[in-house]
Number of protein chains: 2
Amino acid sequence: MGRRNDHTREEIREAAIQAAQLCIQQDGIQGINARHIAQDIGYAVGTLYQLFKNMDLLILAVNLRTLKALEQHVLAACNSTLSAQENMQQMALAYVDFALHNTPSWQAVFAHQLKDEQDMPQAYQEQRLRLFTLVEQQFKAAFPDMDAQQVSLETRALWAGIHGICSLTLSHKLHDNEMTLNDIAHTLIAHFLQPESNQQGEKS
Amino acid sequence: MGRRNDHTREEIREAAIQAAQLCIQQDGIQGINARHIAQDIGYAVGTLYQLFKNMDLLILAVNLRTLKALEQHVLAACNSTLSAQENMQQMALAYVDFALHNTPSWQAVFAHQLKDEQDMPQAYQEQRLRLFTLVEQQFKAAFPDMDAQQVSLETRALWAGIHGICSLTLSHKLHDNEMTLNDIAHTLIAHFLQPESNQQGEKS
DNA sequence: AATAAAACAGAACATCGTTCATAAAGTCAA
DNA sequence: TTGACTTTATGAACGATGTTCTGTTTTATT
C-alpha cells in the first residue's frame with residue numbers, strides 16, 4: 001500500500017507515543033516492541049521509523065511525558081497557604097506518591113539509557129532541569145539564610161535520597177514491602193526539614 | 001568437535017564469569033553477549049548454556065561477585081578504634097567510593113532485572129541481605145537507645161539515600177559533575193549522624 | 001497529463017538469546 | 001580390545017528483535 005493520508009504526521013506520532021505509553025504501563029519498558037506498536041496504531045514498521053529515528057527516541061518521548069506528569073504532580077502538591085518547609089515536604093511526598101502509583105512509567109524514566117548519549121533531545125534535558133529547579137527554589141525559600149552552594153548540596157542530597165528510596169523499594173531491594181515506602185521517606189525528610197531547629201549547614 | 005575435557009566444568013564456568021565481568025567493566029551490562037563470551041573463553045555458545053540456564057543467570061553470577069566485593073569494601077572501611085558513628089560514616093563513604101570506582105559493575109547490579117523473578121538464586125538474595133544487615137547493625141550500635149523499628153527506618157532511609165545519590169550522579173541526572181558526589185553524600189550523612197545532638201526519632 | 005515529491009508497506013538484513021540434533025571423546029564392563 | 005553407554009561439546013537453526021531499504025501508491029505541482 002502507498003500513501004494513505006488518513007492521518008497527519010503528527011497524529012500518527014501521537015498515536016505511537018500513546019501506544020508505547022500503554023505498553024510501558026502494562027509490561028514495563030521491556031514490553032515495548034516496534035512491530036507491536038506498529039500494529040497497534042495500524043501502520044507498518046517502516047512508517048514508525050519515519051517518525052522516530054529509533055525506538056530509543058520513542059521511549060524518550062514517552063519518558064518526557066512521564067516527567068511532565070511528574071512535574072505537574074509535584075507542582076500540585078504545593079500550596080501557597082503552607083510554609084516553604086511544608087511545601088517542600090509535600091513535594092517530596094508527591095514524588096513518592098507518583099512513583100508508587102505510576103511505577104512502570106517512573107521506572108522507565110530512570111532505567112532507560114541511550115546507546116548514543118549525544119542524541120538526547122534538548123527538551124528532555126530541560127524538563128529534568130525544570131523539575132529539579134522547582135525543588136531547589138522551594139528549598140531555598142525554606143532556608144533563606146543558607147548560602148547558594150549549600151542549598152545546592154542539600155537539595156541534591158534530599159532529592160536523590162527520595163529517589164533512591166523509591167528506586168530500591170519499588171524494585172524490592174530494601175527487604176521490605178511497599179507499605180513502608182512512605183515511612184522511610186518521612187524519615188529522610190525529617191532529617192532535612194526540622195521546623196524548630198533550622199540548622200545552618202556549615203561546610204567541613 | 002566433541003568432548004575435550006581440557007577444562008573442568010568449574011573452570012569453564014569460572015572463565016565465563018570472568019569474561020562477562022570484563023565485558024561489563026568495559027562496555028557496561030549491554031556489552032554482554034553470549035557469542036562474544038563463548039568466543040572469549042574458547043567454547044561454543046551451546047556449552048555456555050550447559051553452565052548457565054540463561055544469560056540472566058550469568059549476569060547474576062557476575063553481580064553476586066560485585067556485591068561481595070562491595071561488602072568487602074564496606075567492611076574494610078570499618079575500624080574498631082573508631083566510634084560506631086564514625087564507622088557508619090566510613091561505611092557510607094566506602095559505598096560511594098566503590099560505586100565511583102566500579103561504576104559499570106555497580107550499575108549492572110541495580111540496572112539488571114530478571115524476566116522471571118522466581119529464579120533469583122538464594123545466594124544472591126542472601127548476599128544483599130548480608131550487606132544491608134551489616135549496615136543496620138552498625139547503625140544500631142551508633143544509636144543504642146533507638147528502638148528497633150526506628151533503626152530499621154533510619155538505616156533504610158540513609159542507605160537508600162546514599163544509593164540514590166550515587167545512582168543519579170553517576171548517570172548524570174543530577175545536573176552536576178562527578179566531582180561533587182562526595183560532597184552530596186557528606187551532606188546526607190551529616191543529617192543522619194550528628195555526633196553532638198543524638199536526636200531520638202519520635203514517630204509521628 | 002507528466003513529473004516530482006511524499007507517504008507507506010513489508011520484505012530483508014543483522015544481531016541477539018536459546019534450543020537441539022549430532023558428533024566426538026571418555027568410561028567401563030565383558 | 002571391543003562394544004555399549006555416558007558425558008561433553010559443537011554449531012546450525014529457530015524465533016524475536018531493531019533497523020534499513022526498495023518499491024509502490026498517492027498526492028502535489030506544473
Side-chain angles (χ1 to χ4, degrees), chain A residues 1-17 19-20 23-24 26-63 108 111-120, chain B residues 1-17 19-20 23-24 26-63 108 111-120:
Chain A
M1 202 192 307
R3 188 170 182 165
R4 284 171 17 191
N5 243 27
D6 40 358
H7 293 104
T8 328
R9 209 80 175 164
E10 209 42 56
E11 284 174 336
I12 306 180
R13 191 184 155 87
E14 176 64 26
I17 293 179
C23 274
I24 289 181
Q26 290 176 346
D27 306 325
I29 202 171
Q30 301 294 344
I32 284 194
N33 155 305
R35 285 170 180 79
H36 183 255
I37 287 177
Q39 185 165 5
D40 263 17
I41 65 175
Y43 281 82
V45 201
T47 306
L48 213 50
Y49 277 82
Q50 288 177 344
L51 304 169
F52 302 92
K53 186 185 165 195
N54 52 45
M55 281 291 112
D56 272 352
L57 290 185
L58 171 55
I59 293 176
L60 231 44
V62 175
N63 286 350
H112 182 249
Q113 52 195 15
L114 292 177
K115 309 185 201 7
D116 290 332
E117 192 77 24
Q118 100 283 349
D119 52 19
M120 167 102 71
Chain B
M1 202 190 308
R3 187 170 184 165
R4 283 171 16 192
N5 244 25
D6 40 359
H7 294 104
T8 333
R9 209 81 174 165
E10 208 42 57
E11 284 173 337
I12 306 180
R13 190 183 156 88
E14 176 64 27
I17 294 179
C23 274
I24 290 181
Q26 290 175 346
D27 306 325
I29 201 171
Q30 301 295 346
I32 283 194
N33 156 305
R35 287 170 179 80
H36 182 256
I37 287 177
Q39 184 165 5
D40 264 18
I41 65 176
Y43 280 83
V45 202
T47 307
L48 214 50
Y49 277 81
Q50 290 177 343
L51 305 168
F52 302 92
K53 185 185 166 195
N54 52 46
M55 281 290 112
D56 272 352
L57 290 185
L58 171 54
I59 293 176
L60 231 45
V62 174
N63 287 349
H112 181 250
Q113 54 197 14
L114 292 176
K115 308 185 203 4
D116 291 332
E117 192 77 23
Q118 100 283 350
D119 52 19
M120 167 100 72

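Every heavy atom of this structure was used, including side-chain atoms; hydrogens, water molecules and symmetry mates were not. Model, not experiment: these values are computed from the prediction. Convention: sequence-line order gives letters A, B, ...; per-chain numbering from 1.
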Measure the distance from [atom1] on [X] to [atom2] on [N] and round it to the nearest whole Å.
X: B:I12; N: D:dT7; atom1: CD1; atom2: C1'; value: 12 Å
X: B:I32; N: C:dT18; atom1: CD1; atom2: P; value: 12 Å
X: B:H7; N: C:dA25; atom1: NE2; atom2: P; value: 17 Å
X: B:K115; N: D:dA16; atom1: NZ; atom2: P; value: 15 Å
X: A:Y43; N: C:dA6; atom1: OH; atom2: P; value: 18 Å
X: A:L114; N: D:dG18; atom1: CG; atom2: P; value: 15 Å
X: A:I37; N: D:dG18; atom1: CD1; atom2: P; value: 8 Å
X: A:H36; N: D:dT17; atom1: NE2; atom2: P; value: 10 Å

Handout entry: With A:D40 via salt bridge (Lys or Arg N to Asp or Glu O under 4.0 Å) - residues at least two apart
Key =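 Salt bridge (Lys or Arg N to Asp or Glu O under 4.0 Å) check on A:D40 returns nothing, list empty.
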Exercise for the section: Under the salt bridge (Lys or Arg N to Asp or Glu O under 4.0 Å) rule, collect the residues that match up with B:E14, sequence neighbours excluded. Expected result: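 Scan of B:E14 (salt bridge (Lys or Arg N to Asp or Glu O under 4.0 Å), adjacent residues dropped) gives B:R65.
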Handout entry: Selected nucleotide, minimal atom distance to B:A34 side chain, candidates C:dG10, D:dT10, C:dG17
Key = C:dG17
Problem - Pair A:L114-A:H112, side-chain contact (heavy atoms from CB on, under 4.5 Å): steps then yes or no - result: CA-CA 7 Å; A:L114 292 177; A:H112 182 249; 3.7 Å; yes
Are any protein N/O atoms closer than 3.5 Å to N/O atoms in nucleotides 11-15 of chain C? If there are, list each pair with its distance.
| residue | atom | partner | partner atom | Å |
| --- | --- | --- | --- | --- |
| C:dA12 | N6 | A:R35 | NH2 | 3.4 |

Problem - For A:E10, all residues meeting side-chain contact (heavy atoms from CB on, under 4.5 Å), sequence neighbours excluded - result: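 Per chain and number, A:E10 pairs via side-chain contact (heavy atoms from CB on, under 4.5 Å) with A:T8, A:R13.
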Problem - Residue list, side-chain contact (heavy atoms from CB on, under 4.5 Å) with B:A61, at least two apart or on another chain - result: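 For B:A61 the side-chain contact (heavy atoms from CB on, under 4.5 Å) partners, ignoring immediate neighbours, are B:I17, B:F52.
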Problem - Shortest non-hydrogen contact from A:D6 toward A:E11 - result: O-OE1, 4.3 Å
Exercise for the section: Could you list by number each residue of residues 47-58 of chain A showing a heavy-atom separation from DNA chain C of less than 4.0 Å, or answer none if no residue does? Expected result: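 Within residues 47-58 of chain A, the residues near DNA chain C are A:T47, A:Q50.
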